[in-house]
Protein chains: 2
Amino acid sequence: MQIIPDELDRRMALFEKTLKEAGVKITHQRLEIFREVASSLNHPDAETLFRNVRKKLPTISLDTVYRALWLMVDLGLLTTLGASRDRTRFDANMESHHHFVCSVCGMTHDFYDAGFDRLPVPEKVMEIGKAESVQVRIKGICMRCMRKKEAH
Amino acid sequence: MQIIPDELDRRMALFEKTLKEAGVKITHQRLEIFREVASSLNHPDAETLFRNVRKKLPTISLDTVYRALWLMVDLGLLTTLGASRDRTRFDANMESHHHFVCSVCGMTHDFYDAGFDRLPVPEKVMEIGKAESVQVRIKGICMRCMRKKEAH
DNA sequence: TCCTAATTAGGAACTATTATTATTTAAAAA
DNA sequence: TTTTTAAATAATAATAGTTCCTAATTAGGA
Ligand SMILES: [Mn+2]
Ligand SMILES: [Mn+2]
Ligand SMILES: [Zn+2]
Ligand SMILES: [Zn+2]
């Protein structure tokens with residue numbers, strides 16, 4: 001599963017622009033870390049990104065990967081998925097989208113739905129706080145896990 | 001914030017029934033741990049529950065709290081909220097409901113919405129897997145954090 | 001090119017969670 | 001009721017994910 005090159009280019013351009021505007025340095029490490037997460041459709045965790053980035057930058061440290069990722073989250077270039085029992089996963093897809101999460105294997109798949117994007121915030125929620133985003137998470141069993149289950 | 005006594009009784013009764021049916025022992029520890037999480041509206045974490053249960057059972061161990069909580073999750077008596085940067089939080093509210101999450105302080109508040117409960121699963125999602133539940137998460141800033149912010 | 005504040009690598013530390021094991025106990029059987 | 005025993009617990013050690021510390025390096029401005 002690879003992203004289309006044009007979209008990757010768009011993301012990389014936004015990355016450079018955003019870091020410059022924020023006045024933080026564009027280092028090799030940050031560039032390669034972002035390229036890696038921005039290329040993936042898998043919502044990878046920090047450890048996975050670390051392993052992949054190390055192929056290009058063999059001396060990079062895990063700490064740098066974490067620092068870079070949280071910086072990018074703060075800058076609005078990434079979001080995170082909290083998968084409970086699991087480690088944190090990162091998502092470079094900043095378009096309005098939703099997730100299907102497999103309750104067996106944890107696989108997390110994006111999907112788009114214009115109706116979901118425009119769900120009206122109920123009035124009673126406005127008493128709780130000021131809503132900024134609405135996201136739908138569908139839990140279920142993915143195809144692969146379903147097939148595995150059927151085959152005992 | 002306390003739960004209404006009737007609802008707590010209902011939850012406690014279901015707890016006993018569920019454990020019996022599953023053939024697992026109803027221990028003091030499990031009882032008090034469940035009572036604690038079932039009494040709360042705050043989505044507490046394991047450490048918080050541990051501290052509170054220790055008032056009644058001073059020798060209980062944190063490990064027991066975790067084991068009991070995950071058991072109850074497996075038995076369908078609790079769910080968890082994965083709050084990313086944070087520790088796991090547990091939820092004894094098993095009715096169909098949704099969450100408002102404050103992006104500043106992490107406060108997580110239940111709300112109910114019949115419309116959200118019946119959101120139709122988009123067709124394209126059926127190709128990803130078999131959906132079992134749909135939950136909406138609204139992120140934003142809670143009233144308290146908003147007031148704090150205004151007061152500089 | 002030189003300078004310097006920002007960033008990094010590496011390893012130690014920290015925190016949430018889980019495993020190990022000897023002891024205790026719930027609840028079934030007698 | 002007492003006995004029996006598999007299940008559950010407390011205490012502590014171990015893991016795993018993440019963050020902190022510090023000396024060395026570097027991006028980018030002067
Ligand atoms: Mn996504
Ligand atoms: Mn809830
Ligand atoms: Zn799966
Ligand atoms: Zn808040």
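Quick note: numbers below take in every heavy atom, side chains included, and nothing from hydrogens, waters or symmetry partners. Convention: sequence-line order gives letters A, B, ...; per-chain numbering from 1.
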What is the distance, to the nearest angstrom, from the [atom1] atom on [X] to the [atom2] atom on [N]?
X	N	atom1	atom2	result
B:Leu69	D:dA8	CG	P	15 Å
B:Glu47	C:dC14	CD	C1'	13 Å
B:Glu32	D:dT9	CD	P	13 Å
B:Arg51	C:dT15	CZ	P	14 Å
B:Asp45	C:dT15	CG	P	14 Å
B:Leu31	D:dA7	CG	P	21 Å
B:Arg54	D:dA11	CZ	C1'	13 Å
B:Leu62	D:dT12	CG	P	14 Å

For B:Leu71 and for A:His28, locate the closest nucleotide of DNA chain D by heavy-atom distance; then report the residue assigned to the nucleotide nearer the 5' terminus.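 Of the two residues, B:Leu71 wins.
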
Taking the nucleotide of DNA chain D with the closest heavy atom to each, which residue, B:Pro58 or A:Asp63, is nearer the 5' end?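 Final value for this comparison: B:Pro58.
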
Given D:dA8, C:dA27, C:dT17, identify the nucleotide with an atom nearest to the side chain of B:Val24.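 Nearest nucleotide to the side chain: D:dA8.
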
What's the closest nucleotide to the A:Ser61 side chain, out of D:dA8, D:dT18, C:dA9?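 The answer is C:dA9, which lies nearest to the side chain.
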
Side-chain N or O of [X] less than 4.0 angstrom from OP1 or OP2 on [N]?
X	N	answer
B:Trp70	C:dT17	no
A:Thr64	C:dA9	yes
A:Thr27	D:dT26	no
B:Gln29	D:dA10	yes
B:Arg67	C:dT18	no

I'd like to know whether A:His109 forms a ring-ring contact (aromatic ring centres under 6.0 Å, His included) with A:Phe100, so could you lay out the CA-CA distance, the side-chain angles of the two residues, the decisive distance to 0.1 Å, and finally the verdict. CA-CA 5 Å; A:His109 200 298; A:Phe100 178 98; 8.0 Å; no

Pick base, sugar-phosphate or nothing for A:Ile60, based on heavy-atom distances below 4.0 Å to the nucleic acid.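 Sugar-phosphate contact only - A:Ile60 comes under 4.0 Å of backbone atoms but never of a base.
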
Looking across every strand, which nucleic acid part, if any, lies under 4.0 Å from B:Arg30 by heavy atom: base, sugar-phosphate, or nothing?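 Sugar-phosphate contact only.
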
With no hydrogens and no angle check, is any side-chain donor or acceptor of A:Glu36 less than 3.5 Å from a backbone partner on A:Asn52?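 Looks like no, no N/O pair under 3.5 Å.
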
Would you say B:Thr48's side chain and B:Pro44's backbone share a donor-acceptor pair under 3.5 angstrom?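 No.
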
Atom NZ of residue position A:Lys124 - does it have more than 12 heavy atoms of other residues, nucleotides or ligands inside 6.0 Å?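 Yes - once you tally the heavy atoms of other residues, nucleotides and ligands closer than 6.0 Å, there are more than 12.
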
Apply side-chain hydrogen bond (donor to acceptor under 3.5 Å, both in side chains) to B:His98 and B:Asp117, showing your working. CA-CA 8 Å; B:His98 308 274; B:Asp117 291 346; 2.8 Å; yes

